[in-house]
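Structure record follows, encoded as structure tokens.
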Amino acid sequence: MIRSKVNDVIVREYALLINGGNNCSIDCHSIPRCAFEWLLMHGVSNGEKQRELVKVKRYGKSIALQVVNFVGVLETPCRTRIEILPKIAAEVYEPKIARMTLLKMLAKVENLKLEEFKQTQLQLMKQPIYELLIAYFLKIVSKLLRQGLRSEYQRVERESSYLKGQLQVSKQIRQRPGRRNLFHVSHDIYNANRAENRLIHSSLKQVLKWSRTSANQRLARELLFMFDGIELSSNYSYDFRLWKNDRSLAHYRILKPWCELILSYQSPVAMVGKHDGLSFLFPMEQLFERYVAKQLRNQLPATLKLKEQVSSHCLTKHKEKDWFRLKPDIVVYNKSQVVTVMDTKWKLLDASLDSKKNKYNLSQSDMYQLFAYGDKYLNGQGNLYLIYPQNASFEEPLNHFEYKSNLRLYVVPYDLETDSCPIKW
């Protein structure tokens with residue numbers, strides 16, 4: 001069977017996908033009709049639990065599909081691969097810089113080991129994001145094989161023509177007359193068919209299906225040959241629960257988050273519909289929130305403690321019950337006392353839009369939300385922070401916003417290149 005050629009499309013968040021034509025910009029790209037119709041059917045929210053991947057927008061006399069704030073890559077049944085990159089700049093946009101930023105954030109949030117990513121490796125960033133991730137995964141598996149696959153003793157029960165191990169007396173008594181020459185025995189065997197190796201084998205099988213580069217495909221086939229005697233995992237979640245973390249498996253630890261990522265057990269959003277094409281999608285708002293929280297936790301003074309998604313207060317009470325739970329992204333404590341409350345927003349602000357009409361592109365609902373956090377978590381006194389990604393139009397903190405005389409909100413930029421953020425602890 002000859003596989004059809006893959007059609008690669010590179011866009012960024014909130015770009016338009018056009019049905020046919022010759023558009024090929026980062027913000028407006030044409031896709032084949034079959035891909036457009038599939039996304040229209042499976043990517044638009046139907047009001048149920050389905051995640052919305054695209055929105056229908058008016059485009060001249062026809063319609064277009066606008067990708068939302070998911071980043072990564074997805075593949076349609078007609079072999080159109082759409083790589084969606086984060087919108088980290090409003091003006092000059094470099095896809096390779098966006099890929100490097102995304103990979104750095106994924107490495108931190110998903111505990112992936114990508115120590116070799118350096119500023120000098122920008123030439124590698126010309127490859128699609130999934131090929132870069134696959135290349136690093138294959139490299140780690142190669143290192144694992146050099147250190148050796150681990151085996152374990154496993155109890156097996158079988159019929160044997162000779163007595164080996166422990167005789168299963170009850171089964172032997174019930175043995176049918178024509179088979180009394182066989183023994184029901186149980187014994188231990190020592191082999192590599194264990195949960196960790198099954199998951200790695202399944203991950204290798206998956207990335208071979210996804211990859212397009214000859215180097216990745218060749219290495220994946222070579223590695224799969226080494227797993228020839230190991231079964232594929234038939235139950236990912238069960239095998240992940242069996243994954244051991246003892247000293248003899250120390251060199252396996254680095255691979256667990258990679259397998260979780262590839263097998264869609266933890267992070268990626270699974271595409272809807274019965275389609276087994278490549279789908280590596282991450283909600284950018286959650287990725288930015290988790291990344292900032294992890295980086296700030298490392299920068300905290302030793303006396304302070306950071307917690308994510310705290311929900312210890314509610315907006316109001318009704319009939320003696322809590323209503324409308326308040327869940328700020330980040331709460332910083334000094335022992336049991338709240339020091340500050342922070343929220344992250346994946347949105348590009350513009351410090352030059354300081355008119356009463358534009359308000360720097362700030363959302364009024366976000367301002368109300370932070371006021372509620374300050375009133376409930378800080379008892380109306382202290383400093384609150386709204387953290388946005390830094391860009392050319394927002395490089396310095398805005399002048400503070402005063403809710404009350406002792407309750408202030410600071411809107412600050414987070415530099416994704418240097419991981420610096422002007423917060424006063």
Side-chain angles (χ1 to χ4, degrees), residues 69 87-91 284-286 288-316 324-425:
N69 62 331
K87 191 172 184 178
I88 58 174
E91 299 171 358
M284 197 61 206
E285 284 187 359
Q286 293 180 21
F288 181 62
E289 171 195 322
R290 294 173 62 193
Y291 179 77
V292 170
K294 285 206 168 191
Q295 292 289 10
L296 292 182
R297 183 177 281 112
N298 296 335
Q299 301 169 17
L300 277 178
T303 56
L304 302 182
K305 185 177 181 180
L306 183 149
K307 292 185 179 181
E308 302 176 54
Q309 293 294 314
V310 177
S311 58
S312 54
H313 292 276
C314 62
L315 184 63
T316 184
F324 306 114
R325 188 64 58 180
L326 296 173
K327 294 178 63 176
D329 295 339
I330 298 170
V331 179
V332 178
Y333 294 87
N334 185 352
K335 295 182 179 178
S336 61
Q337 182 179 359
V338 177
V339 174
T340 186
V341 178
M342 308 177 190
D343 235 32
T344 60
K345 302 295 178 184
W346 182 253
K347 182 180 179 181
L348 297 182
L349 292 192
D350 190 339
S352 65
L353 301 177
D354 57 353
S355 66
K356 188 176 180 180
K357 178 181 179 181
N358 296 310
K359 301 182 181 67
Y360 310 108
N361 287 336
L362 290 169
S363 168
Q364 183 172 324
S365 61
D366 291 340
M367 302 296 283
Y368 285 147
Q369 187 179 45
L370 268 294
F371 175 71
Y373 294 161
D375 187 59
K376 296 296 183 178
Y377 282 86
L378 294 171
N379 295 319
Q381 294 185 354
N383 296 330
L384 302 158
Y385 288 91
L386 257 179
I387 303 174
Y388 290 84
Q390 181 173 308
N391 65 83
S393 301
F394 179 52
E395 296 181 322
E396 299 293 334
L398 303 178
N399 290 335
H400 71 269
F401 296 85
E402 192 166 306
Y403 288 124
K404 299 179 181 179
S405 58
N406 293 323
L407 183 62
R408 292 182 173 183
L409 171 66
Y410 293 87
V411 180
V412 297
Y414 187 94
D415 191 336
L416 287 168
E417 183 177 351
T418 64
D419 290 311
S420 59
C421 188
I423 293 176
K424 299 177 182 178
W425 303 112

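The first residue in the sequence is number 1, and the count goes up from there. All heavy atoms count here, side chains included; hydrogens, waters and symmetry mates do not. Computed from a predicted structure; not experimentally measured.
Minimum interatomic distance between Lys87 and Trp346 (heavy atoms only, all atoms of both residues): O-CZ2, 3.8 Å. Taking every heavy atom of both residues into account, Ser312 and Tyr333 meet most closely at OG-OH, 4.4 Å. Of all heavy-atom pairs between Val412 and Pro397, the closest is CG1-CB, 3.9 Å. The two residues Asn69 and Glu285 make their nearest non-hydrogen contact at ND2-CG, 3.3 Å. Ser352 and Asp350 make their closest contact through OG-OD1, 2.6 Å (heavy atoms, listed as atom of the first residue, atom of the second, distance).
Other residues, nucleotides and ligands contribute at most 12 non-hydrogen atoms within 6.0 Å of the CG atom of Asn399. Enclosure of atom CD in Glu396 is not indicated, since only 12 or fewer non-hydrogen atoms of other residues, nucleotides or ligands lie within 6.0 angstrom. Other residues, nucleotides and ligands contribute over 12 non-hydrogen atoms within 6.0 Å of the NZ atom of Lys359.
Within the 4.5 Å cutoff, the side chain of Glu308 has heavy atoms near those of the Arg297 side chain. You'll find the side chain of Pro389 stays beyond 4.5 Å of the side chain of Pro413, heavy atoms only. Under the 4.5 Å side-chain criterion, counting only non-hydrogen atoms from C-beta, Asn383 is in contact with Tyr385. Between Met367 and Tyr403, some side-chain heavy-atom pair lies under the 4.5 Å cut-off. In this structure, Leu384 and Phe401 have side chains that are not in contact, with every pair of non-hydrogen atoms separated by 4.5 Å or more. Residues Phe394 and Leu348 form no side-chain contact, since every pair of their non-hydrogen atoms from C-beta on lies 4.5 Å or further apart. Two residues are said to be in side-chain contact when any heavy atoms from C-beta on lie closer than 4.5 Å; Leu370 and Leu386 meet this criterion. Residues Leu296 and Ile387 form a side-chain contact, since some pair of their non-hydrogen atoms from C-beta on lies under 4.5 Å apart.
Asp329 places no side-chain N or O within 3.5 Å of a backbone atom of Met342 that could act as its donor or acceptor partner. Without hydrogens or angle criteria, Asn391 side chain to Leu349 main chain gives a donor-acceptor distance under 3.5 Å. At distances below 3.5 Å, at least one donor-acceptor pair connects side-chain atoms of Tyr377 with backbone N or O atoms of Leu326.
The line from NE2 of His313 to CG of Asn379 is 7.0 Å long, rounded to the nearest 0.5 Å. How far CG of Leu378 is from CG of Asn406: 11.5 Å, rounded to the nearest 0.5 Å. Rounding to the nearest 0.5 Å gives a distance of 14.5 Å between CG of Asn361 and NZ of Lys345. In this structure, CG on Leu300 lies 11.5 Å from NZ on Lys305, to the nearest 0.5 angstrom. The CG atom of Leu416 lies 6.5 Å from the OH atom of Tyr291; values are rounded to the nearest 0.5 Å. Asp415 contributes atom CG, which lies 7.5 Å from atom CG of Asp419 (distance to the nearest 0.5 angstrom).
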Verdict with reasoning, Lys404 to Asp375, per side-chain contact (heavy atoms from CB on, under 4.5 Å): CA-CA 10 Å; Lys404 299 179 181 179; Asp375 187 59; 3.5 Å; yes
Evaluation steps, side-chain contact (heavy atoms from CB on, under 4.5 Å), between Tyr388 and Leu362: CA-CA 10 Å; Tyr388 290 84; Leu362 290 169; 3.5 Å; yes
Pair Asp343-Asp366, side-chain contact (heavy atoms from CB on, under 4.5 Å): steps then yes or no: CA-CA 9 Å; Asp343 235 32; Asp366 291 340; 6.0 Å; no
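Aromatic ring pairs are classed by plane angle as parallel below 30°, tilted from 30° to 60° and perpendicular above 60°; the pair Tyr410 and His400 is tilted.
No hydrogens or angles considered: nothing links the side chains of Gln390 and Glu417 as a donor-acceptor pair under 3.5 Å.
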